[in-house]
Amino acid sequence: MAAPSSLASSRLAAAAPAPQHHHQNHQLRLGCSRRRAQRLVAMAGSGKFFVGGNWKCNGTKESITKLVSDLNAATLESDVDVVVAPPFIYIDQVKSSLTDRIEVSAQNTWIGKGGAFTGEISAEQLVDIGCQWVILGHSERRHVIGEDDQVFIGKKAAYALSQNLKVMACIGELLEEREAGKTFDVCFKQMKAFADNITDWKNVVIAYEPVWAIGTGKVASPEQAQEVHAAVRDWLKTNVSADVASTVRIIYGGSVNAANCAELAKKEDIDGFLVGGASLKGPDFATICNSVTSKKVTA
Ligand SMILES: O=C(CO)COP(=O)(O)O
C-alpha cells in the first residue's frame, strides 16, 4: 500500500475557513500540532481519500461486464480507496471479474443473523462471497423504503461490523429540512443512531448525502458540504471522541460528477465521495477517484 496521504495533515495545511460560531471545536482541532494529527491518522487506519460507486438498482450482466472492464483498464491514483456497490445479484460476477484494487460493497443487509427472513441477504452471506463493505442508511432506503434509525439502521451497522463488514454510514437532510434550518439537527440525530450502536469506528466511513442533491443534478456547493462535514466532525468530537473526530472519513454524495469533483475535493473536511449516476460510467468514475490529486498537500 502506498504511504497514506494524511487527510488530517492536509486539513492543517489548508487555509482555515472563516470562523463560525458552531465551529469552535473544529477550530481547536485545526490548531492541534501536525505531529499529533498524523499520529491520530496512523491510529485509526489508512486515512486515505475514499470514493464509493453506488450502482443502485442499475445494470445488466452485459452492462456490468463493460463497466468492470472499463474499471479494470482505468489508471487510479494509489492514495485513494475505491469501492463499488453493485446490486446484490451481480456482486458475485463483479467480485470474480473486477481487479482486487477495487473493493466491493453491498447496498443493504439484513439486521442480524440469516434465517427465515424471506427476501433478505445476511451479512454472513455477503462475507461468504467476498464482499467487504455495506452501505447503510442510504436516503432511498430511509425515504422510499421506510427504514428508520431506531428499528433498522443503527442495529444493521452494529451487526454488519460484528461480522467484519465495513460500513458506509449515510446521513443527510431533505430539502424542506434544510429550508427550515434543521440540517444539523437531522444529521446529528442520524449520527446518534449510528453512534449508539458503534463502538469501533475504524471500519466506518460516514457519507453525507443531502437528499435534495441526490440524482437531481443539484450538487451541494463545496462550502455547503464543507459546513456540514465540519459540523459532523465537531459532533463526533463532543459525542464520541476527539480521536474518532480527527480520523473518521466523511465523504460527500449527491450529484458528484467528473466536472465538479475537484472543487469539492479541495475542501478540508471532504475526504472523498459516494457517487451514484456518474459511477455507472467507468472513465468518469476514475476521474472522480483521481480527484484526490486536488487534495494533495503542497505546503
Ligand atoms: O445517492 C447517491 C450515492 O449513494 C448519489 O447519487 P447521484 O450521484 O446519482 O446523485
Side-chain angles (χ1 to χ4, degrees), residues 49-59 63-64 67 71 80-88 90-91 94 102-109 131-147 152-153 156-157 160 165-175 177-178 183 186-187 190-191 194 204-222 224-225 228-229 232 249-265 267 270-291:
F49 200 70
F50 181 104
V51 178
N54 178 6
W55 297 356
K56 307 192 179 183
C57 187
N58 291 296
S63 72
I64 285 174
L67 181 50
L71 292 173
V80 54
D81 286 334
V82 183
V83 178
V84 293
F88 282 131
Y90 298 115
I91 290 177
V94 171
I102 301 176
E103 295 194 325
V104 176
S105 177
Q107 299 171 18
N108 183 30
T109 183
C131 183
Q132 297 110 320
W133 287 86
V134 63
I135 298 172
L136 293 175
H138 192 276
S139 79
E140 285 142 22
R141 296 214 60 86
R142 291 178 189 269
H143 300 294
V144 183
I145 320 287
E147 283 193 20
F152 277 108
I153 299 169
K156 282 188 176 185
L165 278 177
K166 295 177 271 192
V167 170
M168 287 177 245
C170 302
I171 61 169
E173 81 287 0
L174 296 162
L175 181 60
E177 291 167 336
R178 172 163 283 262
T183 298
V186 171
C187 291
Q190 293 170 342
M191 282 301 302
F194 282 118
V204 179
V205 169
I206 296 165
Y208 168 58
E209 301 203 295
V211 182
W212 48 270
I214 295 179
T216 57
K218 224 179 141 201
V219 65
S221 70
Q224 284 174 319
V228 178
H229 286 222
V232 168
R249 289 172 290 183
I250 306 178
I251 62 176
Y252 167 79
S255 297
V256 176
N257 62 33
N260 61 27
C261 56
E263 285 309 305
L264 287 157
K267 288 293 177 188
I270 298 180
D271 301 330
F273 301 113
L274 186 52
V275 187
S279 72
L280 299 171
K281 298 177 209 137
D284 285 13
F285 186 63
T287 300
I288 296 168
C289 294
N290 291 339
S291 68

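In each ligand, atom 1 is the first atom listed, and ligand 1 is the first ligand listed. Side-chain atoms are counted along with the backbone in the values below, which use heavy atoms only and exclude waters and symmetry mates.
- With a heavy-atom cut-off of 4.0 Å, I214 touches ligand 1 through backbone and side chain alike.
- Checked by distance only, ligand 1 and E140 stay at 3.5 Å or farther apart across all their nitrogen or oxygen atoms.
- Against a heavy-atom cut-off of under 4.0 Å, K56 is close to the following atoms of ligand 1: 1 (O), 2 (C), 5 (C), 6 (O).
- Inter-residue side-chain proximity for Y252 and K267 is flagged as unmet; no heavy-atom pair is nearer than 4.5 Å.
- Scored by the salt bridge (charged side-chain N to carboxylate O under 4.0 Å, His left out) test, E147 finds R141, K156 as partners (sequence neighbours excluded).
- Side-chain contact, H138 with E209: a donor N or O sits under 3.5 Å from an acceptor N or O.
- In terms of protein heavy-atom proximity, atom 8 (O) of ligand 1 is nearest to G276 N, 2.9 Å.
- Per-residue contacts place E209 under 4.0 angstrom from the following atoms of ligand 1 (heavy atoms of the residue considered): 1 (O), 2 (C), 3 (C), 4 (O), 5 (C).
- Partners of R178 by side-chain hydrogen bond (donor to acceptor under 3.5 Å, both in side chains), not counting sequence neighbours, listed by chain and number: E173, Y208.
- To the nearest 0.5 angstrom, L136 atom CG is 8.5 Å from S105 atom OG.
- V83 places a side-chain heavy atom less than 4.5 Å from the side chain of M168.
- The distance from ligand 1 to the heavy atoms of A213 drops below 4.0 Å at these ligand atoms: 10 (O).
- Ligand-side atoms of ligand 1 in range of L274: 3 (C), 4 (O), range being under 4.0 angstrom from any heavy atom.
- Under 4.0 Å from ligand 1, not a single heavy atom of A278 appears.
- Atoms of ligand 1 found under 4.0 Å from any heavy atom of G215 (numbered from 1 in listed order, with element): 7 (P), 9 (O), 10 (O).
- Side chains of W55 and V94 form a contact here, defined as non-hydrogen atoms less than 4.5 Å apart.
- On a distance-only criterion, T216 and ligand 1 share no N/O pair closer than 3.5 Å.
- An N or O contact shorter than 3.5 Å is missing between V275 and ligand 1 by distance.
- When only interatomic distances are considered, the shortest N/O to N/O separation between G277 and ligand 1 falls below 3.5 Å.
- Remark: the backbone N or O of A213 is paired with a side-chain donor or acceptor of S255 at under 3.5 angstrom.
- In this structure, the side chains of F194 and I153 come closer than 4.5 Å at one or more pairs of heavy atoms.
- When only interatomic distances are considered, the shortest N/O to N/O separation between G254 and ligand 1 does not fall below 3.5 Å.
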